[in-house]
Amino acid sequence: MDGMSDRRTALVTGANKGIGFAIAEGLGAAGFQVAVGARDDARREVAVERLRAAGVDAFGVALDVTTDDSPAAAARSIEQETGRLDVLVNNAGIAGRIEDDAQDPTTLDLDVVRTVLETNVLGVVRVTNAMLPLLQRAESPRIVNISSDMGSLTLRTGPILAAYAPSKTMLNALTVQYARRLAETKVIINAACPGYVATDFTGHDAPRTPAEGAAIAVRLATLPDDGPRGGFFNEDGPIPW
Ligand code: NDP
């Protein structure tokens with residue numbers, strides 16, 4: 001342990017590929033040391049090496065958001081590495097099974113709902129609560145929850161996915177609950193929609209690049225101290241809940 005350094009550190013969950021990897025690249029370019037949170041050892045190491053090759057000061061952190069132990073162990077390893085955490089980006093997420101009308105509300109597979117909520121909602125709570133003590137030690141701590149406009153009750157956009165879309169609605173509601181709870185602290189939390197991004201998640205059939213999707217997360221991770229709290233944003237501005 002080298003104690004508290006001046007270098008700001010950001011943890012990105014699900015950073016081994018897709019939008020999470022691009023957020024890690026973007027935060028690295030913005031001067032952060034990046035903790036690459038990923039559940040698979042080999043995939044995590046490849047990502048760390050790719051980031052280092054691109055000039056990012058990156059280190060790997062084993063992190064599966066679906067267990068209680070893993071986020072706690074990840075917090076201990078980040079504490080040893082840096083003594084604090086400046087930014088947390090809760091990016092890890094899954095769409096859930098869509099075959100056999102599993103996410104048609106009229107034939108909804110409840111096991112798919114449970115699986116999706118475990119990662120997209122409970123995973124965020126586990127990681128956030130494990131990291132909050134480290135975030136509280138930072139000068140300007142920021143939390144960004146990667147949500148989706150599919151979770152908007154107003155926009156009603158995208159395909160009908162009755163497990164995935166409500167998981168993001170709940171994530172948005174949780175973001176507001178955290179923002180209210182943390183209102184008197186330095187910790188600023190917001191939700192971000194990356195837009196429709198070409199990743200494994202979308203079968204790479206989408207108009208935006210991961211870097212374009214990552215931009216709003218990087219912006220919310222580097223908000224000034226008087227920046228918005230408890231909001232829901234894409235790169236054009238606030239999104240209706
Ligand atoms: P990808 O499928 O490319 O990446 C998802 C990442 O999450 C992977 O690194 C994956 O790791 C990780 N992950 C999944 N489950 C867990 C877990 N239990 N523990 C730790 N990590 C996990 O998806 P995207 O990059 O497209 O999506 C990233 C986020 O952006 C998600 O939250 C998604 O809902 C959101 N989003 C994406 C949109 C898009 O158009 N792509 C649109 C709106 C929102 P592994 O490689 O091990 O599976």
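In each ligand, atom 1 is the first atom listed, and ligand 1 is the first ligand listed.
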> Among Ser147, Gly203, Cys193, Gly123, which residue places a heavy atom closest to atom 44 (C) of ligand 1?
Replying inline: Ser147
> Looking at Arg39, Arg44, Arg43, which hits salt bridge (charged side-chain N to carboxylate O under 4.0 Å, His left out) with Asp41?
Replying inline: Arg44
>> So if I count the atoms of ligand 1 from 1 in the order they appear, which ones are less than 4.0 Å from some heavy atom of Gly195?
In response: 38 (C), 39 (C), 40 (O), 42 (C), 43 (C)
> Near Leu63, which atoms of ligand 1 are under 4.0 Å from a heavy atom of that residue?
Replying inline: 19 (N), 20 (C)
> So which heavy atom in the protein is nearest atom 46 (O) of ligand 1, and how far is it from that ligand atom?
Replying inline: Asn16 ND2, 2.8 Å
> Contact between Lys168 and ligand 1, counting heavy atoms under 4.0 Å?
Replying inline: yes
>> Ignoring hydrogens and geometry beyond distance, is a side-chain donor-acceptor pair present between Tyr196 and Asp149 at under 3.5 Å?
In response: no
>> In this structure, would Val187 and Val87 fall into the same cluster of hydrophobic residues linked by side-chain contacts under 4.5 Å?
In response: no
> Got an N/O contact under 3.5 Å between Asp64 and ligand 1?
Replying inline: yes
>> Is there a salt bridge (Lys or Arg N to Asp or Glu O under 4.0 Å) between Arg52 and Glu49? Walk through the geometry before answering.
In response: CA-CA 5 Å; Arg52 286 182 180 158; Glu49 286 311 315; 3.5 Å; yes
> At a 4.0 Å threshold, what atoms of ligand 1 neighbour a non-hydrogen atom of Ile146?
Replying inline: 29 (C), 30 (O), 32 (O), 35 (C)
> Evaluating non-hydrogen atoms only, which member of Tyr164, Phe21, Phe201 is closest to atom 2 (O) of ligand 1?
Replying inline: Phe201
> Quick check: does Gly18 get an N/O under 3.5 Å from an N/O on ligand 1?
Replying inline: no
>> Distance under 4.0 Å to a non-hydrogen atom of Thr66: what atoms of ligand 1 satisfy this?
In response: 18 (N)
> If you measure only the distance, is there a donor-acceptor pair under 3.5 Å linking the side chains of Asn90 and Thr13?
Replying inline: no
>> I'd like to check whether Thr202 has a polar contact with ligand 1, where a contact means an N/O of the residue lying under 3.5 Å from an N/O of the ligand.
In response: no
> Which ligand 1 atoms, with their elements, are less than 4.0 angstrom from a heavy-atom of Ser148?
Replying inline: 43 (C), 44 (C)
>> As a check for students: among Thr199, Leu171, Thr13, Val116, identify the option with a heavy atom nearest to atom 3 (O) of ligand 1.
In response: Thr199
>> Measuring from non-hydrogen atoms of Asp40 to any atom of ligand 1, is the shortest distance under 4.0 Å?
In response: no
> Going by distance alone, is a donor N or O of one side chain under 3.5 Å from an acceptor N or O of the other, for Ser147 and Asn145?
Replying inline: no
>> If the cut-off is 4.0 Å to any non-hydrogen atom of Pro194, which atoms of ligand 1 fall inside it?
In response: 36 (N), 42 (C), 43 (C), 44 (C)
> Are any of the heavy atoms in Asn91 under 4.0 Å away from ligand 1?
Replying inline: yes
> Counting from 1, what ligand 1 atoms have a heavy atom of Tyr196 closer than 4.0 Å?
Replying inline: 40 (O)
> Just by distance, with hydrogens left out, do Asn120 and Ser167 show a side-chain donor and acceptor under 3.5 Å apart?
Replying inline: yes
